[in-house]
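Just so we're on the same page: letters track the sequence lines, and every chain starts at 1. What you are looking at is a predicted structure, and each value in this text was computed from that prediction instead of being measured. What you see below is based on every heavy atom in this structure, not just the backbone, and it leaves out hydrogens, waters and symmetry mates.
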Amino acid sequence: MVAVKRATPASSRSRAGLDALLASKEMVVVCGSGGTGKTTISASLGAIAATQLGARVLVLTVDPARRLATALGLGPLGSHEVRVAPEVLRAASPNLSRAAAERGQLWVGMLDTKQGWDDLIRRHAPDAALRDQVLANPLYQNITRRFINSHDYIAMERLHELHASGDYDLVIIDTPPSRNALDLLDAPGRMKEFFGSRLLRWLTVPYRSRLFAVASKPFYQVADRVLGSRFLQDIAEFFVLFQTMEKGFVRRADEVEKLLVDPRTTFIVVSTLEAAPAYEAGYLARELQRRGMSLGAIVLNRTLSPSLRQPAAAKSARTLSAATDDPAFVASIADATGASANDTRAVLSEIGERFHDIAIVASREAERRSELESLGALTVTAPALDHDVTDLTSLLELGGHLTERR
Amino acid sequence: MDSKGALAGAFDVAHLEFEPRQVTPNLWAMEMNTEDSLREYLRLFVRIPLVARLGPLARTFDFVADAAPGVKEILAVGKLCYEVRERNYDIVIVDAEASGHIVAQIGAPRAIQQLVQVGLVRDQTNWMIDILDDPVRTGLVMVTTPEEMPVTETLELVDRVRNETGVDIAGVVANRVLPALFSERQLDVFERIDAPGPRQLLVDRAGSSVATVIEAARMTEARRRVGAGHLDRLRTALGPAVPVLIVPELFTRATGRRVVSLMAQSIQDEIV
């Protein structure tokens, strides 16, 4: 795509757009509730950055829609990053010069939590024997999957690792949908807290003391009866091993936390204008601001056109509905289209009636939108589309909506 | 299981607890939480009375329960099976956590048997499995929308349930389905109306904004068509044995009981 210089009104000149954000940052964390189109938006931003800005971009996704993944050349397992073929990039953006297509690179990868934990253990284990013990522990898989907001911690870990590698101009990370929007931000802190906690000491007592059956603490009595002592020992053994890696994990968590507030990092909150996601988005955005993190933008996905709220449109719809009772009017339309009077009346009536439904939805959306806009961050919208986004062309089209000045 | 207050909101009550609360005649509602379910579990099966609040003990157990495969799930699933077994209710409806976790929950009794060799938890699981695997007593209903990812995830979940558990899939509900505005023939008429000549007549009568009105109808129909494609994919993959119920997009301002009531009416129309 060729950048066209246009005279922009003062109001939009004063506010840098999404493309300026992508050009100035090195790490973009895309967060928000599930079902808001986060992955598609992340991929779209990556595509724009690679084509319009000529950057070497990595988009790390959690679970891309199958068709999209195939269209971008991502295989089903993909624990390694894959480059979108330059020909595919060029075919999707025909105005791009060959040189620009070569310079910009779009790489895509998937977040693999299990792989992430294995890598972490390998990195931090004090020696090979301990490392193998941990990896072989029967509870290892389950525990790492389930504890301390595992997905979120691994996502942050991976971001750190990729940034440190220096392989990319821009890393866009599409985060796992969390039950709680803040789990992502809290993940490194919780990891650090855990190591110093009483909880960890309690968990390892059965292993250390071997007298736990005699322990008077009600927890052990209950746990022993309910879970069985063998199980408690397995857990204890795992956490004793885990504790040996404390230094590495804590230092790493510190680094990740610093990365989150680094000026080169920014957060983009994606939401739709339905009640629950919009509420979560507002909460997340305020929390980011409260913690002094960079809220780069709020992206409102699948929005309805503001024109649907114009009083003139509602009036037109009402007039149209009323006009279906006028036989002369219906006849004039029927004549002009060659359709029957009955069909014509039915269609006109439906058009008029249905508008009312959409107008209600549009006005609810407008209320939520202005609440989010009042937070003061850059707010951009992507329209509800009449097709699914399943290939690079539609990703770039979506990106065009996100980066256009208004 | 994890409604974050949404179930309470649906019934227009301030909050729900572990103790079931009557919300309408013949209908009680409750929310799961680990501490209370543990307390009940201990009281009923382990015979350790814990009259005081568990406090730090509960948090510790919460963590271990999280880490230990199946323990938290057992508490949740056990509670449900218990209610069914005791016949406190004619029917127990579970609003489960979103997506895949349900497999871990209904698979918990079997998983526990493999992993926990001794202990009371293991002993408790056979009767649960009997209830869960009986299609007359237990059925899974998946809720989806006519969109790409929800349908894909629903189909994946169906596979997992069939492969990893013995629970019957009673049906799928497709929610928020857009209504068809036009029949095939009417669609053709719509296209003809949206041509320069007829359109001018409409503008003359209803003002220039009538273009927005027509565009809105076009957009809705296009999105409906995309959704219908996903529903077809759903039906094809499920096969004729699994019924798909349609709940239309309600386009309503209402929240709480009003919406629930509208949806109930809609589902009743489908079933009856």
Proximity breakdown for [X] and chain B, heavy-atom pairs closer than 4.5 Å:
X: A:Leu304; answer: side chain
X: A:Val361; answer: side chain
X: A:Ala334; answer: neither

**Request:** Step through the shown structure and confirm whether more than 12 heavy atoms of other residues, nucleotides or ligands are within 6.0 Å of CZ on B:Arg176.
**Result:** no
**Within 6.0 angstrom of A:Tyr279 OH, more than 12 heavy atoms from elsewhere** = no
**Asked** What are the two closest non-hydrogen atoms of B:Ala216 and A:Leu308, and how far apart are they?
**Response** CB-CD2, 3.7 Å
**Asked** Pick one: which of B:Val213, B:Leu202, B:Val203 meets side chain to side chain contact (heavy atoms under 4.5 Å, CB included) with A:Ser316?
**Response** B:Val213
**Message:** Under the side chain to side chain contact (heavy atoms under 4.5 Å, CB included) test against B:Glu148, which residue among A:Val389, A:Thr40, A:Asp388 passes?
**Reply:** A:Asp388
Counting only heavy atoms closer than 4.5 Å, note whether [X] contacts chain A via side chain, backbone, both or neither.
X: B:Ala217; answer: side chain
X: B:Pro179; answer: side chain
X: B:Gln200; answer: neither
X: B:Ala195; answer: neither

With the side chain counted from C-beta on, respond yes when [X] and [Y] share a heavy-atom pair under 4.5 Å apart, and no when they do not.
X: A:Asp357; Y: B:Glu249; result: no
X: B:Phe182; Y: A:Asp343; result: no
X: B:Val226; Y: A:Asp386; result: no

Looking at [options], which one has more heavy-atom pairs under 4.5 Å with chain A than the rest?
options: B:Leu201, B:Leu181, B:Thr212; value: B:Leu181
options: B:Asp188, B:Thr152, B:Ile193, B:Thr145; value: B:Ile193
options: B:Glu147, B:Arg185, B:Arg224; value: B:Arg185

**Item:** Any donor-acceptor pair under 3.5 Å from B:Arg192 side chain to A:Thr337 backbone
**Value:** yes
**Message:** Non-hydrogen contacts under 4.5 angstrom with chain B: give the residues of residues 322-329 of chain A involved, or none if there are none.
**Reply:** A:Ala323, A:Asp326, A:Phe329
How many angstroms lie between [atom1] in [X] and [atom2] in [Y], if you round to the nearest 0.5 Å?
X: A:Leu348; Y: B:Phe190; atom1: CG; atom2: CZ; result: 10.0 Å
X: B:Arg218; Y: A:Ile351; atom1: CZ; atom2: CD1; result: 9.5 Å
X: A:Arg354; Y: B:Phe251; atom1: CZ; atom2: CZ; result: 6.5 Å

